[in-house]
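Notes for the one structure printed next.
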Amino acid sequence: MGASPGTLVHVGEQKAETANITILDYSEAQFEEKQFTDAKDSFPFKDRPSVSWINLDGLHNVNLIEDLGQHFGIHSLVLEDCLDTTHRPKLDDYDSYLFVVLKMLYLNSDKSRIEDEQISLILGQNFVISLQEKAGDVFTSVRERIRAGKGRIRKAKADYLMYTLIDAVVDNYFVVVDELNEKIDQLDTEVIENPSPETLQNIYHLKRRVVEIRKSVSPLRDVISRLQKGDPELLDESTEIYFGDVFDHILQVIESIDADREILSGLIDLYLSSVSNRTNEVMKVLTIMATIFIPLTFIVGVYGMNFEYMPELKWHYAYPLVWLIMLIIAAFMLFFFRKRRWI
Amino acid sequence: MGASPGTLVHVGEQKAETANITILDYSEAQFEEKQFTDAKDSFPFKDRPSVSWINLDGLHNVNLIEDLGQHFGIHSLVLEDCLDTTHRPKLDDYDSYLFVVLKMLYLNSDKSRIEDEQISLILGQNFVISLQEKAGDVFTSVRERIRAGKGRIRKAKADYLMYTLIDAVVDNYFVVVDELNEKIDQLDTEVIENPSPETLQNIYHLKRRVVEIRKSVSPLRDVISRLQKGDPELLDESTEIYFGDVFDHILQVIESIDADREILSGLIDLYLSSVSNRTNEVMKVLTIMATIFIPLTFIVGVYGMNFEYMPELKWHYAYPLVWLIMLIIAAFMLFFFRKRRWI
Amino acid sequence: MGASPGTLVHVGEQKAETANITILDYSEAQFEEKQFTDAKDSFPFKDRPSVSWINLDGLHNVNLIEDLGQHFGIHSLVLEDCLDTTHRPKLDDYDSYLFVVLKMLYLNSDKSRIEDEQISLILGQNFVISLQEKAGDVFTSVRERIRAGKGRIRKAKADYLMYTLIDAVVDNYFVVVDELNEKIDQLDTEVIENPSPETLQNIYHLKRRVVEIRKSVSPLRDVISRLQKGDPELLDESTEIYFGDVFDHILQVIESIDADREILSGLIDLYLSSVSNRTNEVMKVLTIMATIFIPLTFIVGVYGMNFEYMPELKWHYAYPLVWLIMLIIAAFMLFFFRKRRWI
Amino acid sequence: MGASPGTLVHVGEQKAETANITILDYSEAQFEEKQFTDAKDSFPFKDRPSVSWINLDGLHNVNLIEDLGQHFGIHSLVLEDCLDTTHRPKLDDYDSYLFVVLKMLYLNSDKSRIEDEQISLILGQNFVISLQEKAGDVFTSVRERIRAGKGRIRKAKADYLMYTLIDAVVDNYFVVVDELNEKIDQLDTEVIENPSPETLQNIYHLKRRVVEIRKSVSPLRDVISRLQKGDPELLDESTEIYFGDVFDHILQVIESIDADREILSGLIDLYLSSVSNRTNEVMKVLTIMATIFIPLTFIVGVYGMNFEYMPELKWHYAYPLVWLIMLIIAAFMLFFFRKRRWI
Amino acid sequence: MGASPGTLVHVGEQKAETANITILDYSEAQFEEKQFTDAKDSFPFKDRPSVSWINLDGLHNVNLIEDLGQHFGIHSLVLEDCLDTTHRPKLDDYDSYLFVVLKMLYLNSDKSRIEDEQISLILGQNFVISLQEKAGDVFTSVRERIRAGKGRIRKAKADYLMYTLIDAVVDNYFVVVDELNEKIDQLDTEVIENPSPETLQNIYHLKRRVVEIRKSVSPLRDVISRLQKGDPELLDESTEIYFGDVFDHILQVIESIDADREILSGLIDLYLSSVSNRTNEVMKVLTIMATIFIPLTFIVGVYGMNFEYMPELKWHYAYPLVWLIMLIIAAFMLFFFRKRRWI
């Protein structure tokens, strides 16, 4: 805030202890994997003909990122955006390289929370630089495929690697969406069977979560749409088909999230009505009890009066007669309630 | 998840026991129908000048689909999408063939549920490959027409066959929409005449169902719009008119579904008010009983007190007088309630 | 359903007993009016230089329509759409003729219901074919003008006739919209002055009706927009101005309908609050009665106890004193309620 | 309705007694002002090189308007629209002249109501014809500026005059919007401090009014957008900048109106909750009174029983003991309620 | 209102006592800072090759602004908009200069309120004129950077200065958005833990505030989008990248505000339900107390009757028996309530 544009500052909490660089350098024939903590060790990879995937875990080491950026010719605004972990997903085309920001969403270890982490990808002619907030990501299977030389990846260029990384991130959205759907189903059952005030709070907080996830995911539609249309020249035409596939997935995720929002709104109505039904049931019992006994209590009150001249008090069968009258009144009331379908 | 793109995996439950291939091969003059369980038997049909409709029921036999795809020159991403039964409707134009995914919706045998099944269609120069999750579909009449040589179908090319299949799917949406409308009318009557908590749950679950159907149907608008505009070159100009017809139908379906959503929202309001009216009626009876008897009970309480010096107790006509006073009070109250239109 | 596309089937209920053809053939100099029941009688009019308006009432005679279509060179898909009375409004341009579907809305004879009827219009070089579900329409004044030779109509070509027919249909929408507005005003008054459960049902059913009318009307915007822009070549440039006028009208109708929807939603809120106000008033009376008499009834209960040693019972002025205390309590309560503005 | 298009009929109530024509004819050097009641007197002004503003108050004199239109070469559809005071705002470009319809909104004399009046403007090469429903408008300051020769107006052409008139109408929308905002603030205060059923009716009717104003104002956005882009050739390029200014204003008005709608919806929620809070307060008093006295009344009832063998009745300190027990029960209840924060 | 367009009038309250001009004139090599109160002192800076930032605090001195505008060749409409502090954000391109209006939002000193102030920026070839309502702004850091010669700013042209100013304004929106989010979180907690009628009023007023902020912020999206696309020719291509960065920020701000609106709507539902839960709890206690004691009070009433022939009254164990019966009834009721999960 207030700093000159392009000033590198880490925005967000520090999630990694040390900043580690991992390089996977490969071509169809060859494969090499290395780990550094110093940016300089990665400089030789820039001009190699093979594809280099330079992955950085931890964004607090600003100097390291500055060094890396300078050597690879990255604009300081790009580096600033990498460091600002509150950035929205976007695609910037700098002709000689592409810059993509996206949000990784995943369930935490005990599946109770959805966590998000910002990933920045820079695609150059023969390298991809990926910057993450901390170690641990959804790219494990990508690494496995590169190491094993399985599939198309070792034969393809750097743009295919970037596709693979974005694809891995988007694929994981489905896990999150499935988790959301499962929670909605749980809440649905809870609302119908056993609604409590916490149920509504849970619905509301889930809806709030869904709104936030939408904010993280929906800008990606435009990003991938542009990649799919082959807008940036860095992308090979054969890769565009693959981005078309990712585009389908992101549309599917967004449509699911939008449907979830609508369903959650409906669930709130259902909850409110469910609670009000329970209250009504309680009230109905009171109403019936009270309505039956109010006139009866009045009657017994009448014969509890102490007037000297109350002829009924002396009648021999007055007491059982009063009981009879009261029973008839009560029976009539019950009949009336049943006729109205209140009981 | 995590697999190399283009890796063939069946996503969704296995709905068919065995995977069957049925081929209908026809031209204006000739017609042939065959059934296989081995993909190789269908290979000769690829280069025939006649139109071949290769239908596959059951998606769990991944090898069979891989063989089929390889021989017909289908991209592995297409095959992957065929196998993923959670895919959203789409159209991909691979120049030498078109790939369409759509959702078949139909009522189950006792009309109590709406089921959906994914259909993938691949249109080549002189063949259509259709992949279904299980046997049984909405294409029976299409087969009949081909067998009988009725109408335009035997004279037309493969693109007309694909139109016919999509048309059959979309036509069946009207059955589903009619069923929805009927259920809405039932719920409407139920809400007005006899609302119960289950009524609201039914409305809510129907709305949720409508949201899901919309998700299955609405992407088809763009698919058919592109087909109608003759965007893909594989389509003959004379077929575009027919896709224009399907486009009208899909618009009509979507508009009906959107109207249904709005009507269901209104129905929820109507239900809530209907229930609250019933409660109010019950409460009003209590209120009136209580309001009339509360002062009367007080009066009889007064003359039930045991003070030694209560002159009224000794008056000869006190008792009938008290009754008279109480009757006047009750009458006045009833008059007041009636004036206020509460009873 | 399941039939070959272009198969002619009448969809919808049969509303006319016999299918009648009425022909108005005119030029600036000449006018002729005829009625047939056989399509063949209309064939000679196809090649006349004068403008022929061929109107058909009743759609159940499929053969008649097929004959007519064949002679005038109409595509079988067009005829199929004419017969399907559930079709949404649309414009199809077949180069040598235009096909327009629209919905006629009118109040029934006692103005209690809004009825709709599908009109199909086919505009050729020098003829207009109009197909209606039954006799009786909004075209009476158009016929009068043609017979009388009033205005521009006898001098103009067939495209101006089609404009006149569409204009007549759209003009009648204003009658329907005015009726809706009047009903909304009635409901508004009813909600404020005398709300009953039926009021809400009426609001809800009116809203549902509005949703359906919107579905019939709103697709016409695109239809007329294309006509106005002179998209189809069959239209004379001088007629486009007139379609511009219809376009204004249809926009006005749609805006009115949309405003009505919003107003009806507001009316539901107003109703619910109005009802809840009435309940609250009833409850308040109970509350006040109960709250005043509860402590008094307790007091009289106290002195109704039969303990032997209750000194107050023997005091000479105890009874009037108790009355005094009770009056003070009641007065204090009334004062408290008034201060809180509850009474 | 049912008339030939271009038939001149006055739609709407007659608001002026006589139809008056006022002409302001000016150039930089000269100024002339005249009043007629006969259209013919205005004919000479058509071919003068100076700018003529021909203003007509009162639309019921159809012949006068027909004469005027014929002489100035105006299409009969335009005259028809001028006479239909229910028309929506629009711009029609007839090459040799422009036709603009817009709605004048103003507060009536005692500021209690918002009135609307249709203004039609016809811009020719060197004249502007304005048609109003009645005398009295927002153009007083424009007339003053022309008379005084202040500012740019006397130097500019007819298109600048039309801009000035539209600008005057749009400027007055701000007065209406300010009035709306003031009313919303009043209602806001009323809802919080002293909500009555009338408050909600006022909110609802204000919302309905806002919906109607929006209908009058929002089509103007497209009208002015087209004027700003210099779409019609009649407009001088130097005037486009001025229309850009009006465009900003109309956007601002529409945004304010949209915000008002949203705020009014929120106000309804606030009202409903406010009313329900008041009811809850009343109910709480009843609940507390009833809950405290119900067990006490039971106790005094117990010792009001007339059994012969009730040992407590004979105890000497039974009476004060019962009082003590009842006080303890009441105190405990009050403590319980306070702990639960109900009192 | 009613004035000739381009008439300079200050609209809004006067926020500054005197109108001060501050000039920062700089190039890479040189820097000069001056303060005037007379517009003439700034005239020499117009033709200097260095970049001049002419900042004016206080808009009430209309003559000063007129002088300034005349010398720098600014259109009178622009000056009029600068003076109207209710203007919506916009960009006008006058070829030789750009005119941008935007709203500065900031928290007041004790962070309790969000204040807004209009900033007008005029970008010429080598100068930027900024007009503010009063002294004190978010540009302090920009001034520091110019004075210190830090970063790119001293090397860049006037368009980069304008970018820096807009960037400073937009950056400050994040402070406001963070404050909003914090308030929403507070209200969320309040709603769940301790809802009071004031809570809802706060939610409602915060929502109203959010609607107003959106009105100030959202038009900026189009403004910056046009700047980013290099639409105006005055902008150097190298600056467009920087506007791309601001565009990302403004999108992020708008998305946050939209999410806030949705969350606040959800919060209202949560509040209403939370309050209704509290009421229900109170009601339940009354219901249970009343329902238990109503039949017991009836029983003790029965044995308070004074009939001469009531055999039970003479039984020796009648009194304890009645107690036993009443205890059994109470126990049964409690059991029934517990079974129904009401207590």
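Naming convention: chains lettered A, B, ... in sequence-line order (proteins, then strands); numbering from 1 in each chain.
Using modelled atom types, one side-chain atom of D:T297 and one backbone atom of D:F293 make a donor-acceptor pair closer than 3.5 Å. When atom types are taken as modelled, the side chain of D:T291 and the backbone of D:T287 share a donor-acceptor pair closer than 3.5 angstrom. D:D159 places a side-chain N or O within donor-acceptor distance of the main-chain N or O of D:D236, the cut-off being under 3.5 Å.
A donor and an acceptor atom, one from each side chain of E:Y319 and D:E312, are located under 3.5 Å apart. Counted by atom type alone, D:S130 and D:N55 present one or more donor-acceptor pairs between their side chains at under 3.5 Å. Looking at E:H10 and E:D84, their side chains never bring a donor and an acceptor atom within 3.5 Å of each other.
Contacts of E:M305 with chain D are made by backbone atoms alone, with heavy-atom separations under 4.5 Å and no side-chain atom involved. Within the 4.5 angstrom heavy-atom criterion, atoms from both the backbone and the side chain of E:K314 approach chain D. Contact of E:H75 with chain D is made through the side chain alone, with heavy-atom distances under 4.5 Å. Of the atoms belonging to E:V302, not a single heavy atom falls under 4.5 Å from chain D. Using a 4.5 Å cut-off between heavy atoms, E:I268 contacts chain D through its side chain alone, with no backbone atom that close. With a 4.5 Å cut-off on non-hydrogen atoms, E:W315 touches chain D through its backbone but not through its side chain. Only the side chain of E:N194 comes within less than 4.5 Å of a heavy atom of chain D; its backbone N, CA, C and O stay farther away. For chain D, the nearby part of E:R261 is the side chain; its heavy atoms alone come within less than 4.5 Å. Both the backbone and the side chain of D:L267 come within contact range of chain E, with heavy atoms under 4.5 Å apart. Proximity to chain D involves both the backbone and the side chain of E:L200, based on heavy atoms less than 4.5 angstrom apart. For a residue to count as touching a neighbouring chain, one of its non-hydrogen atoms must lie under 4.5 Å from one of that chain's; by this rule E:P320 does not touch chain D. Interface remark: E:T86 contributes backbone and side-chain atoms alike to the contact with chain D (heavy atom separation under 4.5 Å). At a 4.5 Å heavy-atom cutoff, the contact between E:Y94 and chain D is made by side-chain atoms alone.
The CD1 atom of E:I74 sits 11.0 Å away from atom CD of E:Q70, with the distance rounded to the nearest 0.5 Å. Note that CD1 of E:I299 and CZ of D:F298 are 8.0 Å apart. Values are rounded to the nearest 0.5 Å.
Using cut-offs of 30° and 60° on the angle between ring planes, the pair D:Y242 and D:Y163 is tilted.
Note: D:Y309 leads D:Y303, D:F139, D:Y309 in heavy-atom pairs under 4.5 Å with chain E.
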